[in-house]
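First comes the structure, then the notes that go with it.
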There are 2 protein chains.
Amino acid sequence: MNIGEVAERTGLPAKTIRYYEDIGLIRPERRANGYRSFSDADAHKLGFVARARALGFGIDECRTLLGLYEDEGRSSADVKAVARTHLAQIEEKIAQLQAMRDTLAHLVESCAGDERPDCPILQDLAPD
Amino acid sequence: MNIGEVAERTGLPAKTIRYYEDIGLIRPERRANGYRSFSDADAHKLGFVARARALGFGIDECRTLLGLYEDEGRSSADVKAVARTHLAQIEEKIAQLQAMRDTLAHLVESCAGDERPDCPILQDLAPD
DNA sequence: GATAGTGCTTCCAGTAACTGGAAGGTCAAG
DNA sequence: CTTGACCTTCCAGTTACTGGAAGCACTATC
């Protein structure tokens, strides 16, 4: 199938699919006219990557997961290790954002938000 | 003072400070030898930006906040609006990450993590 | 056969906010 | 006078795309 159909099936923009080919995630065939020709397996892999990306995995992690996915002799432990590492990163990111949110929410609440210039938000940002 | 001292005072890397000059956040003087000469006000502004960045504000938001900070005739409402918008973005991001985390945590838990190839994580990522 | 419209191709550039590194000038100390 | 720390500029790389331009391919219609 052509790139447009794969894009529709996977929900990925055609541009993104070309990019994934550029970086070697997939290697679709080419037709005589220069068009990419995607096999079902290619579409399948792209769908896999799309889901992994939606879970926040980076491209390199997707590459690793894809490799494990296609390796019949994999150990689930290897997959789990990748997922667990990623999970830990997400949890750290959440913690950082929550700290920001708490500070910000507090500041927003304490600001009058009127036409006067006095503002605890700016006071907090100002050093010393 | 020189860039090194400002870097130490603000906790910002010298590279970052030069970058902030590049994009017009600050405009330090220059000495005859070409070195940047930072005033206390410059250092103060950089500290302000450092804190705003630590709260997750983007560079453009920092620019806006810096403008409000230096505008004696500002309304706190304007500051509050910037902060509230940013707060909403953070909360959305947190929600996204929490959704990822929940899915991932579930998957990680359900994966045996042994030497066998069967893996619910890969099954979940695989389309259809 | 000409034309229009859609889909495909490549390539270049830009995004956010730095960061690393190279090549080289400046300054204070010994 | 040399060493070492500090400063300068410039170029490239990071992440994962995204937008746009120029141009070929295919299909349908007149």
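In the text below, chain A, chain B and the rest are named by the order of the sequence lines, each starting its count at 1.
Salt-bridge annotation for B:D114 and B:R116: present, with a side-chain N of the basic residue lying under 4.0 Å from a carboxylate O of the acidic one. A salt bridge links A:D60 to A:R63: at least one charged side-chain nitrogen sits closer than 4.0 Å to a carboxylate oxygen.
Here the P atom of nucleotide C:dC12 and the CZ atom of A:R18 are 16 Å apart, to the nearest Å. Distance, A:D22 CG to D:dT18 P: 14 Å, rounded to whole Å. Rounded to an integer number of Å, the gap from A:I17 CD1 to C:dT10 P is 13 Å. Here the C1' atom of nucleotide D:dA25 and the CZ atom of A:R30 are 14 Å apart, to the nearest Å. As rounded to whole Å, 19 Å separates atom P of C:dC27 from atom CE of B:M1.
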Assess the residue pair A:V82 and B:I121 against the criterion (side-chain contact (heavy atoms from CB on, under 4.5 Å)); give the C-alpha distance rounded to whole Å, side-chain angles, the decisive distance to 0.1 Å, and a yes or no. CA-CA 10 Å; A:V82 173; B:I121 299 171; over 6 Å; no
Please evaluate residues B:R9 and B:D40 with respect to the criterion salt bridge (charged side-chain N to carboxylate O under 4.0 Å, His left out), reporting the C-alpha separation (whole Å), side-chain torsions for both, the decisive distance (0.1 Å), and the verdict. CA-CA 11 Å; B:R9 277 205 207 181; B:D40 279 353; 3.8 Å; yes
Footprint string (nucleotides 14-22 of chain C, 5' to 3'): B base within contact, S backbone only, - free, heavy atoms under 4.0 Å: ---BBSBB-
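Summarising the local packing, CZ of A:R27 is surrounded by 12 or fewer heavy atoms from other residues, nucleotides or ligands at distances under 6.0 Å. Heavy atoms of other residues, nucleotides or ligands lying less than 6.0 angstrom from CD of B:E8 number 12 at most.
Between B:E21 and A:N33, the residue anchored nearer the 5' end of DNA chain D, judged by the nucleotide with its closest heavy atom, is B:E21.
Distances shorter than 4.0 Å separate none of the side-chain N or O atoms of A:R36 from OP1 or OP2 on C:dC8. Phosphate contact (OP1/OP2 of D:dC6, side-chain N/O of B:R31, threshold under 4.0 Å): absent.
Between A:E21 and the choices A:K45, A:K15, A:R30, the salt bridge (charged side-chain N to carboxylate O under 4.0 Å, His left out) rule is met once, by A:R30.
Of all non-hydrogen atoms in A:L12 and A:Y20, the two that sit nearest each other are CD1-CE1, 4.0 Å.
Atoms CG and CZ, from A:L125 and B:R53 in turn, are 12.5 Å apart once rounded to the nearest 0.5 Å.
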Atom pairs under 3.5 Å, N or O on each side, protein against nucleotides 1-7 of chain C: can you list them with distances?
residue : atom : partner : partner atom : Å
C:dG7   : N2   : A:Y35   : OH           : 2.9

